[in-house]
Amino acid sequence: MSLPHAILTALLEKPSSGLALTRRFDRSIGYFWSSTHQQIYRELGKLEQSGFIRALPSEQPSRGQKKEFEVLPAGRSELTRWASAEQESKPIRDALLLRMRASAVVGRVGLDEELRRHLTLHRRQLAEYQEIEGRDFGAAADPEDRLRRLVLRAGIGLETFWVEWLEEALAEVADMDAAAEDRREGPGDGPGE
């Protein structure tokens, strides 16, 4: 996915100023396609120059006035072309997984703390997604929002995976630490011997 297509999607959902768009990004698309405010503003300029979007006319003078953008037919066509094109899946690039591989070679110092930190973050994100689902996609949800809900369900599924995997990883690290402690104590060093 590319940032221009994310912006076209958001603007087709609702014409917005750059500021409103960045705020909406932070609360929706930004969960799975993050971008800085500077990148969004820069891309808005490129999309406007390409003829994919335009600033809506304003009754007030433009100096200091927030421009509100809408998608033009060429932008809709580009988004349709992109959405219907074949997309390759991307391999996972996750620093935590790489750190675990490195820990297998150099030792696990600090790994359990990092796993716990990630577990806290993923539990928090999962709770936020579940709250959004309950609030925005409850029993009275608009049937037209089914695809948006599926995207949210993907986020819930991924966060559920990470929470379960991190719990498993922490248990495994604790078992490894216990086994290492038993080896250090050696035979006959235990209680009652």
Side-chain angles (χ1 to χ4, degrees), residues 1-7 9-10 13 21-40 42-43 82-83 85-141 145-193:
M1 179 176 179
S2 67
L3 181 56
H5 298 104
I7 291 172
T9 299
E13 291 173 345
L21 183 64
T22 59
R23 288 179 179 158
R24 285 179 45 225
F25 241 77
D26 290 343
R27 293 187 318 266
S28 62
I29 291 173
Y31 285 121
F32 56 90
W33 188 262
S34 61
S35 181
T36 67
H37 294 189
Q38 288 178 332
Q39 289 170 319
I40 291 172
R42 187 171 39 246
E43 205 57 51
W82 177 82
E86 193 173 284
Q87 302 287 319
E88 297 296 324
S89 69
K90 300 286 185 199
I92 294 174
R93 289 180 61 176
D94 190 283
L96 178 62
L97 297 177
L98 182 57
R99 183 171 180 190
M100 289 187 72
R101 280 295 292 262
S103 293
V105 178
V106 299
R108 297 185 311 276
V109 175
L111 180 62
D112 54 344
E113 291 90 2
E114 186 66 359
L115 290 171
R116 277 193 281 284
R117 187 179 74 80
H118 278 263
L119 180 58
T120 298
L121 294 172
H122 285 286
R123 282 179 174 159
R124 188 178 304 140
Q125 189 64 63
L126 177 58
E128 186 173 345
Y129 285 165
Q130 290 169 330
E131 189 270 325
I132 291 169
E133 183 179 38
R135 181 190 67 221
D136 296 348
F137 299 102
D145 280 339
R146 291 169 67 182
L147 292 178
R148 287 184 189 98
R149 185 176 192 179
L150 279 172
V151 172
L152 179 61
R153 294 294 304 155
I156 290 171
L158 288 170
E159 292 304 326
T160 300
F161 161 78
W162 280 112
V163 166
E164 291 172 356
W165 182 84
L166 285 160
E167 289 170 345
E168 178 185 350
L170 280 164
E172 190 73 26
V173 168
D175 286 349
M176 293 165 65
D177 288 344
E181 185 63 31
D182 287 347
R183 282 193 303 277
R184 277 193 295 274
E185 289 179 7
D189 293 340
E193 293 188 25

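- Atom CD in Glu43 sits 7.5 Å away from atom OG in Ser2 (nearest 0.5 Å).
- Remark: Thr36 engages Gln39 in a side chain to side chain donor-acceptor pair (under 3.5 Å) (not counting sequence neighbours).
- Note on ring orientation: taking the six-membered ring where Trp is involved, the planes of His122 and Trp162 are parallel (angle under 30°, cut-offs 30° and 60°).
- Shown here are the side chain to side chain donor-acceptor pair (under 3.5 Å) partners of Glu181, two or more places apart in sequence or in another chain: Arg184.
- Between Leu166 and Leu96, the closest side-chain pair of non-hydrogen atoms falls below 4.5 Å.
- From Leu147, atom CG reaches atom CG of Leu152 across 12.5 Å, with rounding to the nearest 0.5 Å.
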- Could you walk me through whether Tyr31 and Gln125 pass side chain to side chain donor-acceptor pair (under 3.5 Å), step by step? CA-CA 9 Å; Tyr31 285 121; Gln125 189 64 63; 5.0 Å; no
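- Annotation: salt bridge (charged side-chain N to carboxylate O under 4.0 Å, His left out) contacts involving residues 151-169, sequence neighbours excluded, comprise Arg123-Glu167, Glu133-Arg153.
- For the atom pair OG1 of Thr9 and NE2 of His5, the computed distance is 8.5 Å after rounding to the nearest 0.5 Å.
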Donor-acceptor list for residues 103-120 side chains, cut-off 3.5 Å, not counting sequence neighbours:
| from | atom 1 | to | atom 2 | distance (Å) |
| --- | --- | --- | --- | --- |
| Ser103 | OG | Arg99 | O | 2.9 |
| Arg108 | NH2 | Asp177 | OD1 | 2.5 |
| Asp112 | OD2 | Arg116 | NH2 | 3.4 |
| Glu114 | OE1 | Arg117 | NE | 3.0 |
| Glu114 | OE2 | Arg117 | NH2 | 2.8 |
| Glu114 | OE2 | His118 | NE2 | 3.0 |
| Thr120 | OG1 | Arg116 | O | 3.1 |

- So Leu126 and Leu158, side chain to side chain contact (heavy atoms under 4.5 Å, CB included) or not? Walk me through it. CA-CA 9 Å; Leu126 177 58; Leu158 288 170; over 6 Å; no
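- Between Phe25 and Ala10 the shortest heavy-atom distance is CE1-CB, 4.4 Å.
- Rounding to the nearest 0.5 Å gives a distance of 9.0 Å between CD1 of Ile29 and CD1 of Ile40.
- Separation of atoms CD (Glu172) and CH2 (Trp165) is listed at 10.5 Å; rounding is to 0.5 Å.
- For the atom pair CD1 of Ile132 and CZ of Arg148, the computed distance is 13.5 Å after rounding to the nearest 0.5 Å.
- Among residues two or more places apart in sequence or in another chain, the side chain to side chain donor-acceptor pair (under 3.5 Å) test is passed with Arg135 by Glu131.
- Applying the side chain to side chain contact (heavy atoms under 4.5 Å, CB included) rule to Arg27 yields the partners Arg23, Arg24; only residues at least two apart in sequence or on another chain are considered.
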